[in-house]
Amino acid sequence: TNEMHSEKFIPLSILTSAFIIGGCIYLGLMNSPAKPLKNDNVKVVTFNSKDGVKLSGFFIKRTNSMGNLLLCHGYQSCKESMIDYIDMFPDYNILLFDFRAHGQSDGKFRTLGCHEYKDVIAASEFLKEQTKIPGASFNNFPQIILGFSMGGACAMAAEGYEPTIC
């Protein structure tokens, strides 16, 4: 029976170690200082969430774009934490924004997604409006939402409330 316990212990200890190391790497990345924007096409923007909270963002409009990308940061983070993803999508219009009560956005309370999904819906509508082709009755660009942690959960919740978000 000791052999059975040791056989189970080794994979469990490897898994636990991987979890601890991964968590340390994640926390190190999430708590690293914000990187400056290097893109000349960045426009600082503000827009209101569905319930009137003023949100802050960076908007990048690309010529000959093939789509729109909405970047949603995680809990206790900010739009600057998503800057490294800008260069990964050179053919997309991009909006990075701060959720309510994060970064430079207004708001007093962080609700772990209970209200932040409204921010995703507002950001999506803002991005679609900014990239709308003049004279077109609808936005011709496909839209991708890339979210991390709370940002990913809020993106999925927003889709539940607004099925045409993507």
Would you give the length of the straight line joining atom [atom1] of [X] to atom [atom2] of [Y], rounded to the nearest 0.5 angstrom?
X	Y	atom1	atom2	answer
Q104	D98	CD	CG	6.0 Å
L70	N93	CG	CG	12.0 Å
M66	Y92	CE	OH	4.0 Å
F58	K79	CZ	NZ	4.5 Å
R110	M150	CZ	CE	8.0 Å
L69	R62	CG	CZ	9.0 Å

Modelled atom types, side-chain donor and acceptor of N68 and T131, under 3.5 Å: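 Yes, a side-chain donor-acceptor pair sits under 3.5 Å.
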Indicate whether the side chain of S124 and that of Q143 have a donor and an acceptor atom separated by less than 3.5 Å.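 Judged by distance alone, the side chains do pair up.
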Is there a side-chain contact between [X] and [Y], using heavy atoms and a 4.5 Å cut-off?
X	Y	answer
K132	F141	no
V120	F99	yes
T63	N41	no

Please state whether the rings of F59 and F126 are parallel, tilted or perpendicular, taking 30° and 60° as the class boundaries.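 The arrangement is perpendicular - the two ring planes meet at more than 60°.
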Are L55 and Y161 connected into the same hydrophobic cluster when the rule is that any two of I, L, V, M, F, W, Y join if their side-chain heavy atoms are below 4.5 Å apart?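 Both belong to a single hydrophobic cluster.
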Over all heavy atoms of both residues, which pair between G103 and C78 is shortest? Give the atoms and the distance, please.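 Result for this residue pair: CA-CB, 4.1 Å.
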Minimum heavy-atom distance between S105 and S56, given as atom pair plus value: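 Heavy atoms only, the tightest pair is OG-N, 2.8 Å.
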Look at the side chain of [X] and the backbone N and O of [Y], then say whether any donor-acceptor pair between them is shorter than 3.5 Å.
X	Y	value
E159	I165	no
D119	R100	yes
S65	D91	yes
H73	E80	no
S49	V53	no

